[in-house]
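Report on the following structure.
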Amino acid sequence: MSKSSSLVAAHGICKSFGSIRAVDNISFEVKPQQIFSLLGPNGAGKSTLVRMLIGMLPPDRGKFLWQDGNENVAMNRAKIGYLPEDRGLYKDQPVAATLEYFAQLHGLSRSDTRRVVQNWIERLELCRYAKSKLETLSKGNQQKVQIASALLHRPELVVLDEPFSGLDPINQELMVNLVREIRSDGATVLLSAHQLHLIERLADHVMIVAKGREVLSGTVAEICQGPLGGKTLRVEYEHPIDKALLPEIRRDVEIQGIQLEQPNLVVVNLDAHQNQLGCLNKLHEWGPVRTFQSRTISLHEIYLRVASDTEQGPTLGETE
Ligand code: ATP
């Protein structure tokens, strides 16, 4: 399969629960060995989309096609590893026995099962808990066992619904590295998450959904340098700035936003197309500048811009 073809393509997916339109005409393509991230506020429709993708829920409309449309994705369930949002392992079972059970469910032979399970236990730093019952493990370690259970059969497509939830920063880092490793091993990864700082480092492609609809899609660089992107300038003056001058500065420089974060610290938001130097020259006119920093706005900031007006809840009613 060439790099330009898709491993999974979603076409016009719709799903409603009664009057709630959970997923509203979403389409996307996941390329082989891509790390594709679904982002969006609570209730945006991410888990519903993922559940439909793996065949747990039927879409009301639309199709998920495998490898350029040859087959339905659900027909390739054995090639998919799935970490559900609602984790469900038997808590009174030991870690190694749990993983052996899943390995055999996935059709691994007895000898492969032992080797593969041992390998995952070591890889996820769970050796000291191998014989412990799951209920005695921390939430984060239980989460690692659940992740291993989704990866034992070396799936071609790994679907992870909120893989970072419950993990401390060290284990989140372990998870970031694990996702990169499984991609290097040849797998394609589709994941949903809320940890934008991790997704910014990890994802090849991001799709932000809100109220069941696609809001933005692209690489992190495309999104951050696109029409919703921009720059933030932090200008620290030698002397305090009179707050009453801010509307004047705003008008002079035609900036998108300006705040006085501290008496002598002005923070300015510029659109992607705006002239940073011109703006700085103007800001210089307001007093001697002590320090100055410029940075491209983050995925987190863009996410807040596009997702903040969706907090009123899901879309109700029928699609046009
Ligand atoms: P979160 O980030 O909180 O996990 P999400 O983006 O995964 O949210 P979904 O769980 O897909 O969102 O939910 C989308 C909408 O569909 C929500 O309004 C939710 O209440 C509704 N919903 C999901 N599953 C069902 C169901 N089985 N029955 C009724 N409504 C449902």
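Just so you know, ligand 1 is whichever comes first in the structure, and atom 1 is the first atom listed for that ligand. One-based numbering along the sequence shown.
Checked options Arg213, Lys211, Lys15; the residue passing with Asp24 is Arg213 (criterion: side-chain hydrogen bond (donor to acceptor under 3.5 Å, both in side chains)).
Val267 and Phe292 fall into different hydrophobic clusters, defined by Ile, Leu, Val, Met, Phe, Trp and Tyr side-chain heavy atoms under 4.5 Å apart, directly or through other members.
Contact annotation: the side chain of Met52 approaches that of Phe64 to within less than 4.5 Å [non-hydrogen atoms, C-beta and beyond]. Put simply, the side chain of Leu108 reaches to within 4.5 Å of the side chain of Thr113, judged on heavy atoms.
Residue Asn42 touches ligand 1 through backbone and side chain together, judged by heavy-atom distances below 4.0 Å.
Evaluated by nearest non-hydrogen atom to atom 4 (O) of ligand 1, the leading choice among Met52, Lys211, Glu85 is Glu85. Atom 10 (O) of ligand 1 has its nearest heavy-atom neighbour, among Ala193, Gly212, Ser47, Gly40, in Ser47. Around atom 5 (P) of ligand 1, the closest heavy atom drawn from Glu162, Lys46, His194 belongs to Lys46.
For ligand 1, the atoms closer than 4.0 angstrom to any heavy atom of Thr48 are 9 (P), 11 (O), 13 (O), 14 (C), 23 (C). Of all atoms in ligand 1, listed by their number and element, those nearer than 4.0 Å to a heavy atom of Ala22 are 14 (C), 15 (C), 16 (O). For ligand 1, the atoms lying closer than 4.0 Å to a non-hydrogen atom of Ile20 are 18 (O).
Of the polar atoms of Ala44, at least one N or O is found under 3.5 Å from an N or O of ligand 1, judged by distance alone. The shortest N/O to N/O separation between Phe17 and ligand 1 does not fall below 3.5 Å.
Salt-bridge check for Glu29 with Lys31: passed, with a basic side-chain N closer than 4.0 Å to an acidic carboxylate O. Of the charged side-chain nitrogens involved, none lies within less than 4.0 Å of a carboxylate oxygen, so that Asp271 and Lys231 do not count as a salt-bridged pair.
Residue contact check for ligand 1: Pro41 places a non-hydrogen atom closer than 4.0 Å to it. The closest approach between Gly45 and ligand 1 falls below 4.0 Å for a heavy atom of the residue. Ligand 1 does not have Lys15 within reach: every non-hydrogen atom of the residue lies 4.0 Å or more from it.
Using a 3.5 Å distance cut-off with no hydrogens or angles, the side chains of Ser47 and Glu85 do pair a donor with an acceptor.
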Under the criterion side-chain hydrogen bond (donor to acceptor under 3.5 Å, both in side chains), I'd like the reasoning laid out for Glu301 against Ser298: C-alpha separation, chi angles, the key distance, then a yes or no. CA-CA 5 Å; Glu301 288 159 298; Ser298 63; 2.9 Å; yes

